[in-house]
Amino acid sequence: MKDHFKELLLTAYKQLQQQGLIPDDLESSIKIDNTRNSAHGDFACNMALALAKKIGMNPRELAQRIVDSLPPSDSIAKVEIAGPGFINAFLKQGAQQQVIAEILRQKQDYGRCKAGTKHKIHLEFVSANPTGPLHVGHGRGAAYGATLANLLTAAGHPVHREYYVNDAGRQMDILAVSVWLRYLDLCGEEVIFPTNGYQGDYIWDIAASLHREHAEKFLHPFDTVYANVPADGPDGDKEAHIDALIANCRSLLTEEEYRTVFSQGLTEITANIRQDLEEFGVHYDEWFAESSLVESGQVDEVIDSLQRAGHLYEKNGAVWFRSSALGDEKDRVVIRENGLKTYLATDIAYHANKLKRGYDEIIDIWGADHHGYVPRVKASMQALGLDDSKLEVLLVQFAILYRGGEKAQMSTRAGEFVSLRQLRHEVGNDAARFFYVLRKCEQHMDFDLDLAKSQSKDNPVYYIQYAHARVCSVLQKLQQKDMEYDEAQGLENLGLLDTDYEQALVIRLAQYPEQLLRAAQAREPHQLAYYLRELANEFHTYYNAKDVKKILDEEDERRNARLCLSLAVRQVIANGLELLGVSAPESM
RNA sequence: GCGCCCGUAGCUCAAUUGGAUAGAGUACUUGGCUUCGAACCAAGUGGUUAGAGGUUCGAGUCCUCUCGGGCGUGCCA
């Protein structure tokens, strides 16, 4: 219907164009908005305001000329010029009612983009290091990413969801050593645990299964483990301390033994993360291993091409990437003095790999603390001759946790965090998914745990679910009353839906597809959440309205028309909740 | 110091991406269940959009500065 109005305006535009009143290259200035205020009609267009200045004409006068040129329409009751020059259209009552039939016909497909598109999107999100369980900060990225993936899919894009598993590099060695030290402790050695090791309880569990399966196979006396290890922090250098421990670990254990300890940690934690996400309704098409980039030589390959293209140089024994020449603040090390490649080196290879897989767009969802990383990755893409405009990085701000009115710390290494699993169990998956997605991602988020727990019933997700359950309940009542639901009769009598409540609902339902598209394009899932809240609100109002009395009216025609409307509402709520990863219960 | 993000009702957040009188939830005050579920509805109180300039028909939104908060500024990942 909105498109219909736009067509009319376009016709008028072309007519005025022929009269030489306006130039012919400004058709894109025709933009139709839904009005916020019903006094402004159903749709508003600001084209006269936008064009007036360019052609040196009074906006209201121009608006009048446009309106005079509008072709007649069966569905528009009147067109008004308001304010500084808005063109407002008022639809005839019932003009949009056919959307009910559309919804009931398309069911779960209503709102989804039917045309489809060839624009393929790669979406990487969460990608937390497999060094510990997910915490509530990761939960935000998970809920946001999963919902965005659903929205993009609904908008017609083929979406590839990927988790980048950082199973290579120094952090993983630190994990292996942490496991090994706890294991030595279980073997009876008196171990002083390094401050930079992973201190969470889950390390004990992994060490315990290692001990269970391999007994004392990896046991070495404490003094050999700590031989020639420099002092730990705070007085010593904690980084050098843990690096020396890693070196000792690798020399005391055979390569195969080290791999065993290493994998024990990696596989247990990865499996844990995977299960956690699955339970949270967050699914992936691919779990991409960082180690595969190293082993297949892709990291060496990109470093070679950077070298050949003259983007690398040596300084202080390290190899640097001249990223400052491509928009970064400063140059970055890709190979450390000790010969190890940095995280950036593998990440350059990873992004090159993604692009070579043939996606039209690559979306990375990162924690906001990585924002400084964007310029250097983009620089690397340019340096490799890749199109860096295909990379879109969405930064999700931190969820700041409050417990008992105080900020709670979140450090994986110190083992002090609230896990995502804990949160899910405390407030439930539905509430957690919804809560996370209720704010836009660049908004800092205060997450009061006590509030989330104690007031989980006040979470707006229940409000929406309740509207869905209510329609189901009406249907049950229908059966109890031995009444029949005749969809065909209802659809024939949509004209009986003449109250303001019903009109408002119909308009809201008709807006769903464009809302979905807008949310996907803006990468803003919260728009869908707010839309559903509005829809639920309008249904609850309708249901309670004194002047409507009952949906289950005595009169067959009216009852069936109302049931059609109610079922359409239920369908759209179910469709929306599905995209949000929230269940749509039939009773609560 | 420099860079990025943010600042909207007592609290938590929206605002159709530059549109018309800045809206919801929560809290507080009031009214509504003799049966389609009250996990609901209706009404009210609550604002110098941190502050000051600027851009234009029009600014919470864009630009500049100031104040306040978060993050970053590693040969960590």
Side-chain angles (χ1 to χ4, degrees), chain A residues 31-37 39-40 44 46 49-50 52-53 58-60 82-86 88 128-129 131 166 168-172 174 196 239 290 315-320 329-330 332-338 340-344 346-347 367-375 395 397-398 400 438-440 442-448 451 455 457-460 462-463 465-467 469-478 480-481 483 511 514-515 518 521-522 524 526-527 529-531 533-534 536-537 539-546 549-553 559 562 566 587-588:
Chain A
K31 223 179 66 188
I32 319 269
D33 287 324
N34 299 319
T35 56
R36 255 183 258 212
N37 184 339
H40 299 144
N46 64 355
L49 289 162
K53 178 142 199 202
N58 177 305
R60 282 195 70 109
F86 289 102
N88 294 335
N129 286 346
T131 53
N166 295 111
R170 183 163 169 267
Q171 293 305 318
M172 291 309 295
I174 295 176
N196 243 9
E239 303 288 352
E290 180 188 0
K315 192 178 89 183
N316 303 334
V319 178
W320 296 69
E329 286 177 1
K330 49 189 277 195
R332 310 288 173 181
V333 170
V334 284
I335 302 176
R336 294 161 71 193
E337 192 181 359
N338 62 11
L340 295 177
K341 293 175 187 75
T342 60
Y343 179 78
L344 177 62
T346 45
D347 218 22
D369 53 336
H370 288 69
H371 66 80
Y373 209 79
V374 180
L395 298 168
Q397 292 292 330
F398 275 13
I400 302 165
L438 206 50
R439 287 125 177 84
K440 46 180 175 192
E442 66 262 32
Q443 183 71 250
H444 293 127
M445 178 168 154
D446 286 346
F447 204 124
D448 189 326
L451 199 74
Q455 301 201 336
K457 282 201 166 183
D458 292 332
N459 191 307
Y462 295 104
Y463 182 85
Q465 289 179 320
Y466 185 44
R470 246 184 174 164
V471 179
C472 297
S473 164
V474 170
L475 286 182
Q476 278 189 344
K477 201 73 192 179
L478 181 79
Q480 285 169 21
K481 287 190 170 182
M483 287 173 164
Q511 286 171 357
E514 64 178 276
Q515 289 285 350
R518 199 206 309 272
Q521 278 165 353
E524 290 181 351
H526 77 275
Q527 288 190 22
Y530 277 88
Y531 168 84
R533 215 220 154 260
E534 289 298 318
N537 176 24
F539 181 72
H540 286 311
T541 304
Y542 174 50
Y543 182 93
N544 278 293
K546 291 226 165 50
K549 296 207 176 89
K550 297 270 161 73
I551 290 171
L552 298 180
D553 197 271
R559 181 177 69 246
R562 286 177 172 178
S566 303
S587 66
M588 297 171 68

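Numbered from 1 within each chain, the chains take letters A, B, ... in sequence-line order. The structure displayed is predicted, hence computed values, not measured ones.
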Original post:
With a non-hydrogen cut-off below 4.0 angstrom, is A:His40 in contact with a base, only sugar-phosphate, or nothing?
Top reply: base
**OP:** Under 4.0 Å between any heavy atoms, over every strand shown, what does A:Arg533 touch: base, sugar-phosphate, or nothing? Just pick one.
**Re:** sugar-phosphate
Subject >> Non-neighbouring partners of A:Gln515 that pass side-chain hydrogen bond (donor to acceptor under 3.5 Å, both in side chains), sequence neighbours left out >> reply: none
Original post:
Taking only N and O in the side chain of A:Asn37, is any of them less than 4.0 Å away from OP1 or OP2 of B:G19?
Top reply: no
**OP:** Not counting sequence neighbours, which residues clear side chain to side chain contact (heavy atoms under 4.5 Å, CB included) with A:Val319? List them please.
**Re:** A:Leu312, A:Glu314, A:Val334, A:Ile335
Subject >> Same-atom distance (P) from B:U21 to B:G10, integer angstrom >> reply: 23 Å
Original post:
Among all residues two or more places apart in sequence or in another chain, which pass the side chain to side chain contact (heavy atoms under 4.5 Å, CB included) test with A:Lys315?
Top reply: A:Tyr313, A:Trp320
**OP:** Could you give the distance separating B:C13 and B:A27 at their C1' atoms, to the nearest angstrom?
**Re:** 15 Å
Original post:
Start at the 5' end of RNA chain B and walk down; is the nucleotide closest to A:Ile335 or to A:Thr541 reached first?
Top reply: A:Thr541
Original post:
For A:Ser473, which contact category applies under a 4.0 Å heavy-atom criterion: base, sugar-phosphate, or nothing?
Top reply: base
**OP:** Using a heavy-atom cut-off of under 4.0 Å over every strand shown, decide if A:Ala44 touches base, sugar-phosphate, or nothing.
**Re:** base
Subject >> Any strand: nucleotide that pairs with B:A24 via Watson-Crick or wobble, under 3.5 Å >> reply: B:U12
**OP:** Would you tell me if any nitrogen or oxygen in the side chain of A:His526 comes within less than 4.0 Å of OP1 or OP2 on B:A15?
**Re:** yes
**OP:** Pick the C1' atom in B:C33 and in B:C40, then give their distance to the nearest Å.
**Re:** 10 Å
**OP:** Taking side-chain hydrogen bond (donor to acceptor under 3.5 Å, both in side chains) as the test, write out the residues that go with A:Lys341, two or more places apart.
**Re:** A:Asp300
Subject >> Partners meeting ring pair (Phe, Tyr, Trp, His ring centres under 6.0 Å) with A:Tyr531 (sequence neighbours left out) >> reply: A:Tyr512
Using atom names, set out every protein N or O paired with an N or O of nucleotides 56-62 of chain B below 3.5 Å, distance rounded to 0.1 Å.
from: B:C57; atom 1: OP1; to: A:Lys53; atom 2: NZ; distance (Å): 3.2
from: B:C57; atom 1: OP2; to: A:Lys53; atom 2: NZ; distance (Å): 3.4

Original post:
Since syn is defined as within 90° of 0, does B:U17 count as syn or as anti?
Top reply: syn
**OP:** Encode nucleotides 3-9 of chain B as B, S and - characters from 5' to 3', where the letter depends on protein heavy atoms closer than 4.0 Å: B to the base, S only to sugar-phosphate, - to neither.
**Re:** BBBS---
Original post:
With a cut-off of under 6.0 Å to the ring centre and 45° to the axis, is A:Arg470 in cation-pi contact with A:Tyr543?
Top reply: yes
**OP:** Assign each of A:Tyr542 and A:Lys330 to its nearest nucleotide of RNA chain B by heavy atoms, then name whichever residue's nucleotide is nearer the 5' end.
**Re:** A:Tyr542
Original post:
Residues in side chain to side chain contact (heavy atoms under 4.5 Å, CB included) with A:Glu329, at least two apart?
Top reply: A:Arg332
Subject >> By ring pair (Phe, Tyr, Trp, His ring centres under 6.0 Å) - contacts of A:Tyr463 (at least two apart) >> reply: A:His540
Original post:
Does a side-chain N or O from A:Lys550 land closer than 4.0 Å to OP1 or OP2 of B:C36, or not?
Top reply: yes
**OP:** Remember a base hit wins even if backbone is also touched, and classify A:Ala39 as base, sugar-phosphate or nothing at under 4.0 Å, heavy atoms.
**Re:** nothing
Original post:
Got a donor-acceptor contact below 3.5 angstrom from the A:Arg170 side chain to the A:Thr342 backbone?
Top reply: no
Subject >> Base partner of B:U35, which must satisfy Watson-Crick or wobble distances under 3.5 Å >> reply: none
Subject >> Residue-phosphate contact under 4.0 Å: A:Tyr543 side-chain N/O, B:G37 OP1/OP2 >> reply: yes
Original post:
Considering only the P atoms, how many Å lie between B:G60 and B:U49, rounded to the nearest integer?
Top reply: 8 Å
Original post:
Quick one: A:Asn88 CG to B:G19 P, roughly how many Å, whole number?
Top reply: 15 Å
